[in-house]
Amino acid sequence: MPELPEVEVTRLSFADRIQDSEILGAELGKPLRWPLGLDPQALVGRRVLSVRRRGKYLLIDLDRGMLLLHLGMSGSLGFSARVGPPGVHDHFDLVTTRGVLRLNDPRRFGAVVHAHGENDPVAVKLLGALGVEPLGETFDAKAFHAALKLRRTAIKQVLLSGDVVVGVGNIYASEALFLAGIRPTTAAWRLTRPRADRLREAIRDVLARAVSRGGSTLRDFSNAHGESGYFQLEAMVYDRAGEPCRTCATPIRLLRQGQRSTYYCPVCQKP
DNA sequence: AAAAGCCCCTGGATGC
DNA sequence: TGCATCCAGGGGCTTT
């Protein structure tokens, strides 16, 4: 599911509610991507200070240490005052004085990891090489263009890699490239400064708009209250192969890049 | 160092 | 109805 907008929508939907709670316990279900790295009992008594986001990771700051959560491809979080017994795909419960945070993740590509802090080797390994936050002040146009100059591969691949800019996944990479009028196969280093600037604006625009629509719900995404997102209804190209471009009516094309589907308009997007 | 492939896992859609 | 195949919002790890 989740790219930056879905992770951010999830964060916004429970951060206030879990803040200042005290952890009463944690329950682990089937193994996720990595072990928790801690006896769940050791979380008892910890206080939740805040919930932040870095790329597609959620960071739950505790009064001692932190939890790093990733939703993988199919993860979603729910937060409610009381919960029933875990379902087959519920693999993590964080029980607090203010409610239970529950991770549902059928494919189990997601993760919940404990770190002592941001300098903990575990945290450094997961967060250390990440690119800039696209919605932050540090997403600088000149630096973005300079970073693209160093990459010989297709711009779509660079966006997905997350080491130049974070949070752009398969849906929003296609969407941003459409908005910027750039063919996904264009080599990153060939982009002129004006085109890079336009791409930067498109990334910020599409991600911010997707957050405001509650993210994209293609099959199973929902926020921590169980509410779906609606951005998919206004997608210009993603999942629209063969359908008419909303700008010029040319059929949208589908191609494979690095075993992922890419959608684009051959007329509106220039090489 | 960058780039390309390979996996991890389950479920839904499609085709025979 | 049954079974095989392909595809899916990610990304770390290994190999070139």
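Source: prediction; values computed, not measured.
Between the side chains of A:Ser261 and A:Arg256, a donor-acceptor pair is found at a separation under 3.5 Å.
Between A:Lys125 and C:dC13, a side-chain N or O to OP1/OP2 separation shorter than 4.0 Å is present. In this model, the phosphate group of B:dA3 is not approached by any side-chain N or O of A:Ser161 to a distance below 4.0 Å at OP1 or OP2. Here A:Thr153 reaches the OP1 or OP2 of B:dA4: one of its side-chain N or O atoms lies under 4.0 Å away. One finds no side-chain N or O of A:His89 lying less than 4.0 angstrom from the OP1 or OP2 phosphate oxygen of B:dT10. Checking the phosphate oxygens (OP1, OP2) of C:dG11, no side-chain nitrogen or oxygen of A:Arg33 falls inside 4.0 Å. Contact check, A:Tyr238 against C:dA8: no side-chain N or O comes under 4.0 Å of OP1 or OP2. Within the 4.0 Å cut-off from OP1 or OP2 of C:dG10, not a single side-chain nitrogen or oxygen of A:Arg108 is found.
Checking B:dG12, B:dG5, C:dG12 against the side-chain heavy atoms of A:Gln259 singles out B:dG5 as nearest. Considering only side-chain atoms of A:Arg151, the nucleotide from C:dA8, B:dA3, B:dT10 that sits closest is B:dA3. Here the nucleotide nearest the side chain of A:Arg152, chosen from B:dA3, B:dT10, C:dC7, is B:dA3. Considering only the side chain of A:Lys56, C:dG11 comes nearest among C:dG11, C:dC7, C:dG12.
Taking atom CG of residue A:Leu32 and atom P of nucleotide B:dC9, one finds them 12 Å apart after rounding to whole Å. If you measure from atom CZ of A:Arg219 to atom C1' of B:dG12, you get 6 Å, rounded to the nearest angstrom. Counting to the nearest Å, the P atom of B:dG5 and the CD atom of A:Gln257 are 12 Å from each other. Spacing between atom CZ of A:Arg256 and atom P of B:dA4 amounts to 15 Å, rounded to whole angstrom units. Atom CZ in A:Phe221 sits roughly 19 Å away from atom P in B:dG12 (whole-Å rounding). Rounded to an integer number of Å, the gap from CG of A:Leu126 to P of C:dG11 is 11 Å. Atoms CH2 (A:Trp189) and C1' (B:dA1) sit 18 Å apart, rounded to a whole Å. Counting to the nearest Å, the P atom of B:dA13 and the CG atom of A:Asp239 are 13 Å from each other.
Pair assignment for B:dC9 gives none, since no Watson-Crick or G-U wobble pairing has each distance under 3.5 Å.
As judged by a 4.0 angstrom heavy-atom cut-off over every strand, A:Tyr172 is placed among residues making no nucleic acid contact. At the heavy-atom level, A:Phe231 lies nowhere under 4.0 Å from the strands shown. Residue contacts for A:Gly169: at a heavy-atom cut-off of 4.0 Å it reaches the sugar-phosphate backbone alone, with no base atom in range. Residue A:Trp34 is in sugar-phosphate contact alone, with no base atom involved, counting any heavy-atom pair closer than 4.0 Å across all strands shown.
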Exercise. Are A:Ser76 and A:Asn104 close enough, and set up right, to give a side chain to side chain donor-acceptor pair (under 3.5 Å), and what steps lead you there?
Worked result: CA-CA 5 Å; A:Ser76 61; A:Asn104 180 275; 4.5 Å; no
For this session: Kindly determine whether A:Asn223 and A:Thr10 satisfy side chain to side chain donor-acceptor pair (under 3.5 Å), including the steps that lead there.
Result: CA-CA 5 Å; A:Asn223 68 21; A:Thr10 298; over 6 Å; no
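No salt bridge links A:Glu22 with A:Arg98; every basic N to acidic carboxylate O contact stays at or beyond 4.0 Å. Using a 4.0 Å cut-off between a side-chain N of Lys or Arg and a carboxylate O of Asp or Glu, A:Asp61 and A:Arg52 qualify as a salt bridge.
Residue ring and nucleobase are not stacked for A:Phe109 and B:dC9 under a centre distance beneath 5.5 angstrom and an angle between planes beneath 30°.
Here the separation of C:dC3 from B:dC9, taken at their P atoms, is 23 Å to the nearest Å.
A distance-only check finds no donor-acceptor pair linking the side chain of A:Arg151 to the backbone of A:Ala147 [under 3.5 Å].
Mapping A:Gln157 and A:Lys30 onto DNA chain B by nearest heavy atom places A:Gln157 at the nucleotide closer to the 5' end.
When each of A:Phe178, A:Tyr172, A:Tyr238 is checked for a ring pair (Phe, Tyr, Trp, His ring centres under 6.0 Å) with A:Tyr263, only A:Tyr238 meets the rule.
Side-chain N/O atoms of A:Arg107 and base N/O atoms of B:dC9 include a donor-acceptor pair closer than 3.5 Å.
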